[in-house]
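Before any comments, here is the structure.
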Amino acid sequence: KLKKSSSKFKCPNCRQNFRYFKDIKTNREIQSLKIYCTNHNDGCLWEDVLQKVEEHIKTCPYQLIQCEKKCEVKIQRQLMQAHLTIECPNRNFMCIHCKEIGTWVFI
């Protein structure tokens, strides 16, 4: 990553200062390139222009996300509901004896 030092940037390797300019035309061309989702190998069939990939990743069913119950598991978004109800050690569970509600691990 480039480090900004006032109006100049420093090379992460040699630490030399340099200036650069934004090439709007080239950036527009790059952003309009067609790409596959970064989760394509896991089954996602999304294909669109590069500039839309960040928005897609926020809802991609194949994207790995942290468990909502903080059990330290990363799981595909589409499998989260099943994880929370069946597998998650931090899921809510009612004790059959005292009827108290706690987490699966606690009970």
| task | Using the side chain to side chain contact (heavy atoms under 4.5 Å, CB included) rule, take Cys67 and Lys74 through it: C-alpha gap first, then chi angles, then the decisive distance, then the call. | result | CA-CA 6 Å; Cys67 174; Lys74 283 195 169 191; over 6 Å; no
| task | Test side chain to side chain contact (heavy atoms under 4.5 Å, CB included) on Ile35 and Trp46 and set out the steps. | result | CA-CA 9 Å; Ile35 63 163; Trp46 181 88; 4.1 Å; yes
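- Here the side chain of Asp42 pairs no donor or acceptor atom with the backbone of Tyr62 at under 3.5 angstrom.
- Between Glu55 and Lys58 there is a salt bridge, with a side-chain nitrogen of the basic residue lying less than 4.0 Å from a carboxylate oxygen of the acidic one.
- Thr26 places no side-chain N or O within donor-acceptor distance of the main-chain N or O of Asp23, the cut-off being under 3.5 Å.
- We find that Lys25 and Glu29 are joined by a salt bridge, their nearest charged nitrogen and carboxylate oxygen being less than 4.0 Å apart.
- Atom CD of Glu47 and atom SG of Cys37 lie 11.0 Å apart (nearest 0.5 Å).
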| message | Could you walk me through whether Gln66 and Ile75 satisfy the side chain to side chain contact (heavy atoms under 4.5 Å, CB included) test, starting with their C-alpha distance in whole Å, then the side-chain angles of each, then the deciding distance to 0.1 Å, before giving a yes or no? | response | CA-CA 7 Å; Gln66 187 68 43; Ile75 191 163; over 6 Å; no
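- Under the 4.5 Å side-chain heavy-atom criterion for grouping Ile, Leu, Val, Met, Phe, Trp and Tyr, Ile30 is not connected to Val49 through any hydrophobic cluster.
- When atom types are taken as modelled, the side chain of Arg77 and the backbone of Gln63 share no donor-acceptor pair closer than 3.5 angstrom.
- Taking the side chain as every heavy atom from C-beta outward, Val73 and Pro89 never approach each other to under 4.5 Å.
- No chain of hydrophobic side-chain contacts below 4.5 Å, direct or via other Ile, Leu, Val, Met, Phe, Trp or Tyr residues, connects Phe93 to Leu84.
- Between Ile86 atom CD1 and Gln81 atom CD the span is 9.5 Å, to the nearest 0.5 Å.
- Within the model, atoms NZ of Lys69 and SG of Cys88 stand 7.5 Å from one another, a figure rounded to the nearest 0.5 Å.
- At least one donor-acceptor pair under 3.5 Å links the side chain of His40 to the backbone N or O of Cys44.
- Side chains of Asp48 and Val53 form no contact here, defined as non-hydrogen atoms less than 4.5 Å apart.
- For Leu33, the CG atom counts as densely surrounded, since its 6.0 Å shell holds more than 12 non-hydrogen atoms of other residues, nucleotides or ligands.
- How far CD of Glu68 is from CE of Met80: 5.5 Å, rounded to the nearest 0.5 Å.
- Looking at Gln76 and Leu64, their side chains come closer than 4.5 Å, going by heavy atoms from C-beta outward.
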